[in-house]
Amino acid sequence: MKLAPRLAVSLAAAVVTATACAPQTSDNSSSGKDEKSGTLRVWLFQEVNTKPKEKVVDAVLADFEKAHEGTKVDVEYIPVETRAQRIKAAFNDPDSAPDVIEYGNTDTAGYVKDGGLMDVTEDFGAWDEAKDADPTARQSVTVDGKIYGAPYFVGVRALYYRTDVFDELGLEAPKSLDELASTARKVRAAKPDLYGIAVGGAYTYGAMPFIWANGGELATGKGGSYASAIDSAAAQKGIKAYTSLFGDDNCPAAKCAGMGGNDTVTAFASGKAAMAIGGDFSRQAVEAGKVKGKYAVVPLPGVEPGSIAPAFAGGNNIGVLKSTSHRTLAVDLMKRLVSKQAQGEMFDAMGFLPTFTDVRQRVAAEEPFVKPFVDTLAAGTKFVPASPAWATIDSSQVLPTMFQEVVSGKKDVGAAAGDAARKMDDAFGSAG
């Protein structure tokens, strides 16, 4: 899911984990109706400050109501933290359900399995703007080759670093993961009161790039049938690279093993770390901290010097519920909410990165801060397995447990990865 400004104070990894447990439903069949007037209900997510978002949405709704005589749109901004319960209730009670919802992109497969989202494959394919949608964002609304919504915004992470500390020590921004590790240790040796790079044993989305950069994968398969690959040789190499950053020579395990994504960004913003892996959505928190004016951002480097490590492509989508009695209107409203114009305005209002490649290039040219994140997206991003099992894997803390077992010395990389793989396979098997 998203990795947006709200993540700076709550979500996940905040870790963004925008993933909710997939709701079990009893009645989510199509209404079979397609009324061309009436009231449409929309649920969107609350933000830390929702007012700028509301302004953009209100403009979209005004144009929509003007274009469709006899229509009205009621919008409710719901808390992200309780969305699972709200959406479960909506899937179970179509009469009180909204027509259009915002949802985290890691929730897609679970919601599709429960039959709550409408298949809009043909509508999306016929939409002219869709051709410019980022491939990874498109993947986040796709399950078994069918499309169940439209990408709303995307969020990725890059490397924040202290320019004042680097200048003082004569260091340059690292150009490879090995150089990242050695640079972090140089900082720690010269300034024992600082973490070279703040890392967290519970920071799943900060650790994933190390696995992917080393050629590893979380899982293999498609079409709802997956098998864990977290214990492969390549994945274990990435796990070792990440967990090697926990220690007295960089980020002591006793303090860092339990840290999540928000914790690492907070450590950087408060001046306790020389580097951190943070999102485009982390800027507000960093700017509000002690390092304002003393930091820069570059893409997180990969294994080869000059390369960029694949980042997790978080974000949110807009979808239509299968139970809607206003199919045509709901699909049109979905397109308007995620249109190029709306996404450009939402970037200006909230800082959400557009999912359209051309719009993203434009905003990057207008706002230099965005460039490292746009470059990261252009280099190729990754996503979690498109399986409803991911909600279970994520909520069960399978990967954080694996990292923490290694950094605590409880298990070696092979044993911890093997145990994690078995847990993942159990979840994939249970998902069917």
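If you read the sequence from its start, that first residue is 1, and numbering goes on from there.
For the pair Leu337/Phe64, no side-chain contact is recorded, criterion being any heavy-atom separation below 4.5 Å from C-beta on. Looking at heavy atoms from C-beta onward, Val56 lies out of side-chain contact with Lys53 at the 4.5 angstrom threshold. The shortest side-chain heavy-atom distance between Arg360 and Asp134 falls under the 4.5 Å cut-off. Residues Phe91 and Leu321 meet the side-chain proximity criterion, which asks for heavy atoms closer than 4.5 Å. Tyr203 places none of its side-chain heavy atoms less than 4.5 Å from the side chain of Pro400.
Ring geometry, Phe383 versus Phe312: the interplanar angle falls under 30°, so the pair is classed parallel (tilted spans 30 to 60°). The aromatic rings of Phe369 and Phe373 are tilted relative to each other, their planes meeting at an angle between 30° and 60°.
One finds a salt bridge joining Asp375 and Lys371 here, because a Lys/Arg side-chain nitrogen approaches an Asp/Glu carboxylate oxygen to under 4.0 Å. Arg157 has no carboxylate O lying under 4.0 Å from a charged side-chain N of Asp280, or vice versa, which leaves the two without a salt bridge. Using a cut-off of 4.0 Å between Lys/Arg side-chain N and Asp/Glu carboxylate O, Lys36 and Asp34 are scored as salt-bridged. In this structure, Lys175 does not pair ionically with Glu304, as no charged nitrogen and carboxylate oxygen lie closer than 4.0 Å. Salt-bridge check for Lys113 with Asp144: failed, with every basic side-chain N at 4.0 Å or more from each acidic carboxylate O.
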Going through the distances and angles, do Asp119 and Thr121 end up as a side-chain hydrogen bond (donor to acceptor under 3.5 Å, both in side chains)?
-> CA-CA 6 Å; Asp119 178 351; Thr121 306; 2.5 Å; yes

Taking it one step at a time, do Arg327 and Asp123 satisfy salt bridge (charged side-chain N to carboxylate O under 4.0 Å, His left out)?
-> CA-CA 11 Å; Arg327 188 193 193 285; Asp123 308 273; 3.0 Å; yes

Yes or no on ring pair (Phe, Tyr, Trp, His ring centres under 6.0 Å) for Tyr161 and Phe268, after CA distance, side-chain angles and deciding distance?
-> CA-CA 8 Å; Tyr161 70 97; Phe268 181 81; 8.6 Å; no

Report the C-alpha distance between Gln343 and Val338 in whole Å, list the side-chain angles of each, state the deciding distance to 0.1 Å, and finish with yes or no for side-chain contact (heavy atoms from CB on, under 4.5 Å).
-> CA-CA 6 Å; Gln343 288 195 22; Val338 304; 3.9 Å; yes

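In this structure, Lys411 contributes its side chain and Gly409 its backbone to no donor-acceptor pair below 3.5 Å. Side-chain atoms of Gln139 do not come within 3.5 Å of backbone N or O of Lys382 as any donor-acceptor pair. Using modelled atom types, no side-chain atom of Glu35 and backbone atom of His326 make a donor-acceptor pair closer than 3.5 Å. Distance alone, capped at 3.5 Å, is enough to place a donor-acceptor pair between the Asn92 side chain and the Lys88 backbone. Asp231 places no side-chain N or O within donor-acceptor distance of the main-chain N or O of Ala421, the cut-off being under 3.5 Å. A donor-acceptor distance shorter than 3.5 angstrom exists from the side chain of Tyr226 to the backbone of Ala386, with no hydrogens or angles considered. Under the 3.5 Å distance criterion, the side-chain polar atoms of Glu65 are left unmatched by any main-chain donor or acceptor of Lys72.
Side-chain contact of Thr381 with Thr136: a donor-acceptor pair under 3.5 Å is present, judged by distance alone. A donor-acceptor contact closer than 3.5 angstrom is absent between the side chains of Glu129 and Ser339. For the residue pair Arg283 / Tyr160, no side-chain donor-acceptor distance below 3.5 Å is found, with atom types taken as modelled. Side-chain contact check for Glu287 and Tyr295: at least one donor-acceptor pair (N or O, by modelled atom type) lies under 3.5 Å. Of the N and O atoms on the side chains of Thr108 and Asn105, not one donor lies less than 3.5 Å from an acceptor on the other residue.
Tested against Ile393 for a side chain to side chain contact (heavy atoms under 4.5 Å, CB included), the candidates Val398, Thr204, Val384 yield a single pass: Val398. Partner His68 forms a side chain to side chain donor-acceptor pair (under 3.5 Å) with one of Thr328, Asp63, Asp332 and no other, that one being Asp332.
Aromatic ring centres of Phe352 and Phe347 lie farther apart than the 6.0 Å criterion allows. If you look at Tyr242 and Phe403, their ring centroids are closer than 6.0 Å.
Atom-to-atom distance recorded for Tyr152:OH and Asn317:CG is 11.0 Å, nearest 0.5 angstrom. Distance check, rounded to the nearest 0.5 Å: OG1 of Thr39 to CG of Asp74 gives 5.5 Å.
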